[in-house]
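Here is the structure we will look at.
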There are 2 protein chains.
Amino acid sequence: MSQQQDPSQQDVSIKTKILLAAKKLFSQQGYDGTSVRQICEEAGGNVALVSYHFGGKENVFRAIFEEYFPGKDLGQYEAEFQDPVNGMKVLIRGVLEFFAQDEELSRIIHQELTMQSPRTEIVEGFVMPVWGKMRELLEMGKERGVFHFQSVDIVFFLTIGALTYHHNCRAVQSWMANQETDLNETIEAAMGFILQGLGCQIEK
Amino acid sequence: MSQQQDPSQQDVSIKTKILLAAKKLFSQQGYDGTSVRQICEEAGGNVALVSYHFGGKENVFRAIFEEYFPGKDLGQYEAEFQDPVNGMKVLIRGVLEFFAQDEELSRIIHQELTMQSPRTEIVEGFVMPVWGKMRELLEMGKERGVFHFQSVDIVFFLTIGALTYHHNCRAVQSWMANQETDLNETIEAAMGFILQGLGCQIEK
DNA sequence: GTCTATACCCGGATAGAC
DNA sequence: GTCTATCCGGGTATAGAC
């Protein structure tokens with residue numbers, strides 16, 4: 001009951017603490033680079049607890065997604081998805097807001113997919129609905145003549161890349177001139193970049 | 001003398017074989033996921049050879065870049081770099097051709113940077129000259145009014161993302177409708193996407 | 001539920017024989 | 001130069017006490 005608010009409070013179950021610790025450490029050091037000992041130490045518990053509560057390291061990974069991945073709620077945007085441009089805007093905003101809201105989880109997703117790790121299948125199961133919808137919108141927009149490109153495959157990846165990689169690379173601060181960037185500014189810029197990239201005339 | 005042509009021939013030094021085996025395995029399984037034993041087995045030699053020839057696993061990694069990373073030859077394009085649009089085109093083509101020519105090395109670069117591994121510094125040392133030039137071109141184009149965007153930082157990352165991520169994700173074949181894509185088609189598409197994304201009027 | 005102690009495996013590195 | 005044998009550290013997982 002008082003269990004759901006602030007995870008740093010003491011009244012959180014050790015199981016949840018382990019989940020949060022794992023999420024944090026996986027995002028910082030990668031799955032392979034993080035040991036079960038480390039996770040439990042960070043969570044303030046004992047090594048054996050991972051086996052007891054989850055039955056192994058990989059199940060901790062799976063549990064993180066089941067617990068913290070949003071995106072089940074794509075249905076609520078069906079209206080916007082009727083129009084490719086609006087649909088893309090909604091999706092771009094949604095994705096970037098999620099990236100900003102849970103940087104840890106988004107880093108984990110990005111890492112696992114680029115490493116093509118043994119956990120790729122798990123991650124794909126959660127991510128595919130979103131990317132799949134984006135692909136649909138690209139195809140719809142091309143058919144209706146509002147987007148202009150040759151290959152759906154190619155622009156699909158260019159779009160995903162622009163969307164995900166830039167977020168990730170912010171970590172490499174030495175590459176940036178100005179440290180803090182405003183989220184809404186980023187979203188606006190990404191929308192402009194991508195929609196223009198798709199050959200779409202935008203009225204701003 | 002006959003040492004330089006086909007690395008699969010028998011007359012290649014074991015040192016080179018180790019380097020090639022490591023490049024292949026790192027790209028497939030990541031640095032951490034690849035053991036020294038595996039590398040030597042793949043190279044047809046013994047475990048101890050890594051220590052003998054390179055002095056440790058990390059030095060094998062460094063040696064791969066020193067041996068196989070191109071890109072020292074940016075100087076030859078100084079003429080094209082006077083113009084932001086031409087410069088971007090040259091850079092985009094160069095980067096994508098490199099990605100296609102040595103998929104292994106480009107996968108390694110991408111992996112290490114997204115994992116922010118302890119080897120990030122090594123990789124950055126080789127990659128930064130290229131990305132730095134791209135940033136210069138973006139700034140130059142903005143000043144001269146041929147590109148139209150607010151923040152250099154943001155479009156810089158969007159551009160890098162589009163360029164690198166799409167290539168990497170081709171591995172996830174389940175996401176693609178058509179398996180094989182032509183390199184030149186990809187290059188043309190990427191140039192169009194990015195230059196339009198930068199708000200640049202292109203005449204095709 | 002949580003802890004201690006331990007089993008077991010696999011990684012990287014090296015000494016020393018050939 | 002290359003191999004065999006071995007060391008040592010650290011990883012996951014579990015048995016059993018509390």
Side-chain angles (χ1 to χ4, degrees), chain A residues 1-3 7-64 67 108 111-112 115 117-119 122, chain B residues 1-3 7 9-65 67 108 111-112 115 117-119 122:
Chain A
M1 188 145 281
S2 63
Q3 196 118 334
S8 63
Q9 296 297 337
Q10 297 301 337
D11 58 350
V12 177
S13 70
I14 183 71
K15 196 173 168 181
T16 301
K17 280 187 190 166
I18 288 175
L19 229 41
L20 289 167
K23 185 155 76 78
K24 174 179 169 186
L25 292 172
F26 286 164
S27 77
Q28 288 173 349
Q29 316 172 330
Y31 180 90
D32 284 327
T34 303
S35 72
V36 176
R37 292 189 218 273
Q38 246 183 318
I39 294 171
C40 291
E41 188 181 0
E42 172 85 23
N46 183 272
V47 213
L49 293 175
V50 157
S51 284
Y52 179 75
H53 285 292
F54 299 96
K57 186 181 178 182
E58 183 161 319
N59 286 328
V60 174
F61 183 86
R62 190 176 274 104
I64 290 173
E67 196 68 27
I108 294 173
Q111 287 176 355
E112 295 294 323
M115 296 305 288
S117 76
R119 289 150 316 270
I122 301 174
Chain B
M1 193 147 279
S2 62
Q3 196 118 334
Q9 296 296 338
Q10 297 302 336
D11 58 350
V12 177
S13 70
I14 183 70
K15 195 173 168 181
T16 301
K17 280 186 189 168
I18 288 176
L19 229 40
L20 289 168
K23 183 153 77 78
K24 175 179 168 185
L25 292 172
F26 286 163
S27 76
Q28 289 172 349
Q29 316 173 332
Y31 180 89
D32 284 326
T34 303
S35 71
V36 174
R37 295 187 214 275
Q38 244 184 318
I39 293 171
C40 290
E41 189 181 2
E42 172 85 22
N46 183 274
V47 213
L49 292 175
V50 157
S51 283
Y52 179 76
H53 284 292
F54 299 95
K57 188 181 178 182
E58 182 160 320
N59 286 327
V60 174
F61 183 87
R62 191 176 272 104
I64 291 174
F65 278 80
E67 196 68 26
I108 294 173
Q111 287 176 356
E112 296 294 324
M115 296 304 291
S117 76
R119 294 156 303 280
I122 300 173

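Keep in mind the model is a prediction, meaning the values are calculated, not measured.
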Provide, to the nearest angstrom, the distance between the [atom1] atom belonging to [X] and the [atom2] atom belonging to [N].
X	N	atom1	atom2	value
K57(B)	dG9(D)	NZ	P	19 Å
N59(B)	dA13(C)	CG	C1'	13 Å
Q29(A)	dG10(D)	CD	C1'	14 Å
E58(B)	dG11(C)	CD	C1'	15 Å
L25(B)	dG11(C)	CG	P	13 Å
K17(B)	dT2(D)	NZ	C1'	13 Å
H53(B)	dG12(C)	NE2	P	18 Å
F54(B)	dG1(D)	CZ	P	13 Å

Is the CD atom of Q28(A) crowded by more than 12 outside heavy atoms at less than 6.0 Å? yes

Are the side chain of Y31(B) and the backbone N or O of I108(B) linked by a donor-acceptor pair below 3.5 Å? no

Just by modelled atom types, is the S27(B) backbone N or O under 3.5 Å from a matching donor or acceptor in the Q111(B) side chain? yes

Could you check whether S35(B) gets within reach of a base, just the sugar-phosphate, or nothing at all, counting any heavy atom under 4.0 Å? sugar-phosphate

Regarding K15(A) and the six-membered ring of F54(A), is the cationic atom NZ or CZ under 6.0 Å from the ring centre and inside 45° of its axis? yes

Any idea which of dG11(D), dG1(C), dG12(C) is nearest the V36(B) side chain?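 From the listed options, dG12(C) comes nearest.
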
Using side-chain heavy atoms (C-beta onward) and a distance below 4.5 Å, is E67(A) in contact with K23(A)?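 The answer is no, as the side chains (C-beta and beyond) never meet within the 4.5 Å cut-off.
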
What residues, two or more places apart in sequence or in another chain, satisfy side chain to side chain contact (heavy atoms under 4.5 Å, CB included) together with R37(B)?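 Result, side chain to side chain contact (heavy atoms under 4.5 Å, CB included) vs R37(B): S35(B), V47(B).
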
Between the protein and nucleotides 3-9 of chain C, which nitrogen or oxygen pairs are less than 3.5 angstrom apart?
unit_1, atom_1, unit_2, atom_2, d
dC3(C), OP2, N46(A), N, 2.9
dT4(C), OP2, N46(A), ND2, 3.1

